[in-house]
Protein chains: 2
Amino acid sequence: MNNNYELYKVFYWAAKTGSLTQAAKALYITQPSVSHAIKQLEDNFGITLFYRNPKGVSLTQEGAVLYSYIEQSQILITLAEEKMAALKNLDSGELRIGGSDSLFKHYILPYLEEYHRKYPGVRLHLNHGTTPEVISFLKEGRIDLGVVRMPITDPQLEVKESLELQDCFVAGPRYAELKDVPLSLTKLQQYPIILFSRNSRARMAITELFQSYGHTLKPEIEVGSVDLLIELARKGLGISYVTREFVSKELEAGSLFEIKLDVQLPPSQVGIMTMRSMPLSSAAVRFMELIV
Amino acid sequence: MNNNYELYKVFYWAAKTGSLTQAAKALYITQPSVSHAIKQLEDNFGITLFYRNPKGVSLTQEGAVLYSYIEQSQILITLAEEKMAALKNLDSGELRIGGSDSLFKHYILPYLEEYHRKYPGVRLHLNHGTTPEVISFLKEGRIDLGVVRMPITDPQLEVKESLELQDCFVAGPRYAELKDVPLSLTKLQQYPIILFSRNSRARMAITELFQSYGHTLKPEIEVGSVDLLIELARKGLGISYVTREFVSKELEAGSLFEIKLDVQLPPSQVGIMTMRSMPLSSAAVRFMELIV
DNA sequence: ATTGTTCATAGACGTGATCTATAGCTCCTG
DNA sequence: CAGGAGCTATAGATCACGTCTATGAACAAT
């Protein structure tokens, strides 16, 4: 009694339509094939499933019992196929992105809006965390892709550089005297420096830079949010180290200005990380296409 | 996207075991076959269903969605197959018999007891009614077989004669003077006759017999139950026309005696009716075997 | 009678599921 | 570090079996 499950599909349609001929049409096969399939089922079970009437077929007692199970089963399969089709053309599904709040706000957000407009059926999840946390999320399968600062060296990860950012020091009107005057690192350190407190890539990069010039960077203030970093600089509490692209509005408006240095600050790359071994969901693939 | 449902069986086992190799073993096919089947599903959907890990496979997001549907579907099919096996070897199912109460009580009952002992899983239904009613039940598919008096001439019905009965007149001690004295029909009619009231085969037969001898049978009392027929005769209220085999106990005990007639009363046949066009359920087939 | 249904059966055909063999990969172990 | 033991993927050959066409048989309706 090892039935090919395909036979149940035939049985389902035969029972549902009450006609082997109709079932054949629904399944795009010929009537003898249906006849044969039903016969197989009946032989395998050793039970007659249909009465053969002059104008079709009808279920026997036992056939009706079988149908009560098979009907549900077939409906589930149909639903499954519809669901998969929906997932494929992104009428449903979900996209889970990991990264820092600032990147979300200033880089990812416009793409997310566009994505959501195109695929309103896809549920969006944002998980913020530090770069190592985001990598963990990825490896645990909790997110589809991560948006972080380079460099990432993990061999398990596929990283695609997608955006170049330039970090810089900015200050508010209070320090107007520094405007347009190239500053040395030594001079800079005489002012209160405001840095991002968390162990971020950007923080590490600037610390290393100072060290390579023989300086030690000691921030006056440390904050946990990029927005706060900007706010504090505007209010004149010090000089903030921020990503230039994230303060473009303030720079244009004049509420902040960039401090020129006599050394070149290295640009930083933003990369999109994915797990090398894990195939991307369609939802994620489309987002990647969008962002490039 | 027109998947062979057999593929879902493979998918189910692959997902369930987390290993194509294990799935292959469960399905008694080879690992490449499983590999191939999964690939087909993935190609047809255009969606990757499994992550290929070094020690097996695991479901992707989309694969997990599919699994949630397919798992239910497959469980239903498994249940269906178990149910059908149970129906086949009569661990479940039902047997529905139509007939008269007297035949149930005096003829069918012992077979029903034996049947129930052999197949306790089969639910038994008895539907009593007159012969035409039983025939209707059969044609409406409300019973599997009918037990009735012959003759039955309906061409749609298959009838198997299974028992010969002899109807006779019986009386109680009150009429002891009639014992062992052959009686003519004319004489008989001088006594109060008790007949079954309903339009039964037995009643029709005896009425016809009287007519063939130029008499008209006018019962003093009519009752609707064979038991009452017997009871009234015992109490001396008249002479009952009953089936000899159904009063064998009373005849032996002496509470009733048979009245000899100078004419031969024709025997009557009991037949088991089934619908010619409808295959019998296994439960019914077994019962037929038992009763023959 | 005749025509149009229905399902069943027989036999031929060809696809496609399954097989064997093998490669590539990771992990574990001596 | 080499070798073994897992795992899955791929290629190519084979043949079972699902599907087809053609036909029959039974029944209903015109």
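If you're wondering where the values come from, they're calculated on a predicted model, not measured in any experiment. Numbered from 1 within each chain, the chains take letters A, B, ... in sequence-line order.
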Measure the distance from CG on A:Leu7 to C1' on D:dC17 and round it to the nearest whole Å.
11 Å

Is A:Arg286 paired with A:Glu114 through a side-chain N to carboxylate O contact shorter than 4.0 Å?
no

Between C:dA17 (P) and B:Tyr5 (OH): distance, integer Å
16 Å

Is any side-chain nitrogen or oxygen of B:Ser33 closer than 4.0 Å to OP1 or OP2 of C:dA17?
no

Distance in angstrom units between A:Leu27 CG and D:dG18 P, rounded
14 Å

Would you call B:Ile47 and A:Leu87 a side-chain contact if the rule is heavy atoms closer than 4.5 Å?
yes

Round to the nearest Å and state the distance from A:Phe11 atom CZ to C:dC7 atom C1'.
17 Å

Near DNA chain D, under 4.0 Å by heavy atom, which residues of residues 59-70 of chain A?
none

side-chain N/O B:Thr30 vs C:dC19 OP1/OP2, d < 4.0 Å:
yes

A:Lys9 NZ to D:dG18 C1': how many Å, rounded?
13 Å

Return yes when atom NE2 of B:His116 has more than 12 non-hydrogen atoms of other residues, nucleotides or ligands closer than 6.0 Å, and no otherwise.
no

Give the B/S/- string for nucleotides 2-16 of chain D, one per nucleotide from 5' to 3', where a protein heavy atom under 4.0 Å of the base yields B, of only the sugar-phosphate yields S, and otherwise -.
-----SBBB------

Is it possible for you to check whether A:Arg203 lies under 6.0 Å from the centre of the six-membered ring of A:Phe196, through NZ or CZ, and within 45° of that ring's axis?
no

Less than 4.5 Å apart, any side-chain heavy atom of B:Met288 and any of B:Lys160?
yes

Aromatic contact between B:Tyr119 and B:Tyr115, with the criterion being ring centroids under 6.0 Å apart: yes or no?
yes

Using whole Å, what does the distance between atom P of nucleotide C:dG16 and atom CD1 of B:Ile29 come to?
18 Å

Indicate whether OP1 or OP2 belonging to D:dC17 is found under 4.0 Å from a side-chain N or O atom of A:Gln40.
no

Are B:Lys39 and B:Glu42 ion-paired here, with the side-chain N under 4.0 Å from a carboxylate O?
no

Heavy atoms only: give me the nearest A:Leu20-A:Ala14 pair and the separation to one decimal.
CD2-CB, 3.8 Å

N/O donor-acceptor pairs under 3.5 Å from side chains in residues 67-78 of chain A, not counting sequence neighbours:
from    : atom 1 : to      : atom 2 : distance (Å)
A:Ser68 : OG     : A:Val65 : O      : 2.5
A:Ser73 : OG     : B:Ser73 : O      : 3.3
A:Ser73 : OG     : B:Ser73 : OG     : 2.9
A:Thr78 : OG1    : A:Gln74 : O      : 2.9

